[in-house]
Amino acid sequence: MSSVSTKPTKAGPKKATADNTIPAEKLAAETKDQRQWLNELFMQAPALIVVLKGPDHVFELANPLYRKLVGKQWNIIGKPVREALPFMEEKFIKLLDKVYQTGKPFVGKEMPAKIDRKGNGEYEEIYFNFVYQPYRDSSGQVQGIFAHGVDVTEQVLARKKAEESEEYFQASFDQSAVGMAHTAVDGKWLRVNQKLCDMLGYDKSELLSKKFQDFTHPDDLAASLKALRKLTRDKLPTYAFEKRYIKKDGTTVWANLTISTLRDSKGKIKHFISVIENITKRKKAEEDVKESEARFRATFDQAAVAMSIVGLDGKWIRLNAAYIKTFGYSEKELAQIDFVKLTHPSDRASDKQAVAKLLKGEINKYIKEKRYLHKNGSIVWGMAHAALVKNDEGVPQYFVTAIQDVTARKHMEETLQISETRYRTMIEQSPLSTQILSPDGRTLQVNKAWEKLWGAKLEHLKDYNMLKDKQLIDLGIMPYIKKGFKGKPTFIPAVRYEPNKTIAGVNAVPYRWVQAYIYPVKASKGSISEVVLVHEDITDSKQHEDNMHKANDLLKEQQKELEILNQSKDDFIALASHQLRTPATAIKQLLGLFVEGLQPISEDHLYIIKRAYKSNERQLKIVNSLLKVAQVDSGRIVLRKKDTDIVILLENIVEELHETFAARNQTINFPATPAGLSVLADKQYLHIAIENIVGNASKYTHKNGSISIAVTPGKDFVKISIKDNGVGIARGDIKELYEKFRRIPNELSEKVGGVGLGLYWTNKIINLHGGSIGVVSELGKGTTFDIRIPKGQGNA
Amino acid sequence: MEKAPRLIYAYRRDKAMHKILIVEDEELLREGFKLILSDEPYEISFAIDGEQALSLCSQNKFDLILLDLMMPKVDGVKFLEKYKAMNLPATKIIVMSNLSSNDKCEKALELGAHKVVLKADMSPRQLLSMIQEELQK
């Protein structure tokens with residue numbers, strides 16, 4: 001910057017020294033020359049030159065450059081500054097005042113000034129360097145100010161611009177979102193920004209004292225040096241690569257590093273400029289993606305379901321082990337087969353539609369249980385999931401399919417279906433009335449037998465709830481039903497149910513006798529899924545039973561009647577015995593007085609009386625016989641069995657009948673038998689019974705015949721044999737011998753008389769003793785009766 | 001046969017004579033008994049039913065009682081029960097009945113009857129000999 005050098009003068013309003021005085025003429029001439037010269041100088045000087053005079057700084061002189069600068073329109077000569085240039089800033093006027101007053105020059109450097117060159121208010125800023133120098137008169141008194149200056153506006157503006165640019169750079173450097181550094185060729189950090197500090201966890205001073213190598217991950221150092229080589233040796237303008245730094249805390253930071261070189265005019269590298277972007281997050285994300293990719297691959301490959309990626313052309317892009325296993329083809333074999341061919345022909349059409357829909361974007365994915373064909377020809381049931389994968393632009397890329405082999409489940413379902421059908425069919429066709437109910441008592445199903453039994457259909461039970469059936473409650477069987485509904489198989493006892501009472505609209509069957517079985521059906525968890533009720537129609541057997549009951553009642557009634565009859569028979573016997581006998585007894589006693597000689601009577605009359613007496617005796621005998629038989633028949637005879645000496649009993653009989661035998665001149669043979677052989681018998685009844693037999697033997701034996709009685713002890717019985725040589729009994733008549741009112745006709749029967757009750761009664765009495773009668777007879781030769789009576793306990 | 005004029009009722013009333021009570025509701029039989037026993041040395045009393053018999057028994061001591069079973073009001077079995085219940089002196093009682101019913105005869109024997117005979121079996125002499133026999137025992 002050049003400045004106008006002016007002859008320095010002593011400051012201050014002091015008198016010029018005498019040493020400086022010059023001769024006047026010479027001085028005048030010189031002054032004139034000087035003035036000329038100065039004028040020239042003013043006019044042509046490339047600097048701004050102005051002479052201001054007096055305290056008001058009146059323009060005495062201004063060179064053309066100055067005039068040009070401030071604007072030629074201004075007529076400034078002879079005018080004070082303030083008046084000449086109205087836009088003149090006060091600061092300049094004050095400066096001028098100061099210089100004028102103090103006498104001290106003022107040097108202004110790059111002073112900005114506003115000028116209104118055109119006078120239209122459009123201010124222009126200029127910068128200039130200037131000197132305000134006072135000039136004095138000879139006395140040293142300040143007369144005015146000599147000012148000269150240079151317009152440095154362009155330089156100032158240029159510099160300012162440069163400065164601004166630097167500031168801008170600095171700001172962007174410091175405030176950059178990425179890390180930035182200037183690095184020396186040797187690697188030393190020259191300049192680093194805050195971001196980089198933040199990134200690496202060091203503060204600026206720490207970084208600037210070190211080289212980048214100190215922070216670089218050892219594994220990436222080689223790459224970093226290689227980058228520098230590329231830039232230096234290969235002169236690449238920039239080089240970018242990814243590397244890791246080690247943070248102050250020891251952790252790793254991934255960075256994308258872009259390095260460029262800054263060279264001087266000679267092309268020598270001044271330093272490197274590095275832009276360091278933290279890409280740790282991205283790297284992490286990339287790693288995650290890689291990891292998930294790996295995971296996906298592993299999942300895909302090891303998945304239990306058959307997975308495949310199929311191209312739009314139907315060729316496999318990728319498939320997993322399960323896929324190969326599911327369909328039996330090797331990967332190589334599959335490569336030869338169209339994807340579609342794996343599908344069962346029946347499912348291909350629907351598949352094709354689905355694929356079309358996928359491609360059109362109508363559906364996102366396709367899920368279907370469908371059939372595939374195994375290599376061996378068998379059907380593989382698969383739950384297929386297919387999805388179309390598109391790229392970012394929405395262009396279909398490939399299909400991803402996952403096929404779960406559900407063949408086993410399908411088979412099980414089919415088996416279940418069959419078993420279910422079988423079970424339903426069995427129930428439907430079962431001859432047992434079957435009703436299936438929900439656990440809350442509603443009827444779910446009935447079979448044909450049920451419909452037949454009740455004359456109703458399932459729809460009749462629409463509003464029927466078994467658990468609320470009042471009839472069942474009234475019948476007292478609800479507790480059984482509830483037990484069944486609670487999970488216990490239960491037998492429900494027979495009841496007479498009237499369907500029309502509880503089931504609306506059913507009238508076909510008035511009633512049914514049913515017994516039932518209730519079986520709860522349990523689900524796998526143990527809860528009751530349904531309840532099966534099986535009715536057994538026992539109406540017929542119940543009616544039969546009823547009839548049986550009726551018959552039984554009838555029998556009971558009859559028995560009662562019989563008992564009454566029996567009782568009345570007893571009564572009859574008692575009455576008869578009394579009423580029939582009593583008059584006869586009176587006759588017997590009264591006539592007996594004469595017959596027995598207790599009352600005198602003439603012989604003639606006695607004869608008549610005797611006839612009457614005998615007739616009365618006969619009547620009494622018949623009555624007695626009848627009564628005895630009646631007694632036996634009524635079963636009311638109670639034997640009082642005791643040890644009875646049979647020999648004594650027989651001797652008594654023989655003695656009693658002595659007259660009878662004598663009357664017919666019959667011989668009675670009863671060999672002397674030692675007494676002491678006892679039978680267990682009711683003495684009275686056995687006496688009469690044996691007497692009957694012995695009496696008969698006499699009756700049916702001719703006069704002069706003989707009758708033998710023998711007693712033979714057996715093991716358990718005593719045998720009493722009564723043998724005669726009488727008329728005998730025909731073989732055919734023997735079996736009728738003991739019948740009531742049976743009289744066997746023979747040569748003596750007419751004569752003997754009788755009513756035919758003797759043997760009947762005797763046989764009964766012997767039987768009542770637990771004994772028996774046997775007969776051996778020959779007509780005309782005689783008869784032997786063998787009576788067996790149980791032995792008495794007193795026997796040895 | 002209220003009067004039975006042709007038949008003589010003779011009662012010999014000796015102090016030593018046995019006293020016999022005959023309990024019989026049938027008048028004709030009572031008549032017969034009277035005739036059969038008229039010449040015998042017994043003091044005979046008659047009762048037409050058990051009630052009357054009990055009344056007689058409470059006032060007299062009989063040596064022998066011939067007791068019918070089937071009678072109105074108090075029958076033979078009831079008589080025996082009451083007789084027993086009244087703690088009357090032991091007397092020989094012979095049941096003479098035309099009943100064939102075992103039960104009643106058995107019952108009578110149980111209640112202390114000495115024996116049971118069928119009236120219809122008894123001829124006058126048989127009756128006399130039985131009485132004689134029983135009184136001598």
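Small disclaimer: the values here were computed from a predicted structure and weren't measured.
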With the side chain counted from C-beta on, respond yes when A:Leu598 and B:Leu128 share a heavy-atom pair under 4.5 Å apart, and no when they do not. yes
For residues A:Thr585 and B:Leu118, determine if any side-chain heavy atom of one lies less than 4.5 Å from a side-chain heavy atom of the other. no
Main chain of B:Pro124, side chain of A:Gln589: is a donor-acceptor contact present, judged purely on distance under 3.5 Å? no
Where does A:Ala586 contact chain B at under 4.5 Å (heavy atoms): side chain, backbone, both or neither? both
Can you tell me how far OG of B:Ser123 sits from CG of A:Leu591, rounded to the nearest 0.5 angstrom? 12.0 Å
B:Lys82 atom NZ, neighbour heavy-atom count above 12 within 6.0 Å: no
Which heavy atom of B:Asn98 sits nearest a heavy atom of A:Arg581, and at what distance? O-NH1, 2.6 Å
Contact list (residues 655-662 of chain A to chain B, heavy-atom gap under 4.5 Å, by number) returns none
Under the 3.5 angstrom rule, does the side chain of A:Lys588 hit a backbone N or O of B:Ala120 as a donor-acceptor pair? yes
When the 4.5 angstrom heavy-atom criterion is applied to B:Asp121 and chain A, the contacting part is both
How about B:Lys61: does its NZ atom have over 12 heavy atoms from other parts shown lying under 6.0 Å from it? yes
Inter-residue atom distance A:Leu590.CG - B:Leu35.CG, 0.5 Å rounding: 6.5 Å
Return yes when atom NZ of A:Lys683 has more than 12 non-hydrogen atoms of other residues, nucleotides or ligands closer than 6.0 Å, and no otherwise. no
Looking at B:Glu26 and A:Thr582, what are the two nearest heavy atoms and their distance? CG-CG2, 3.5 Å
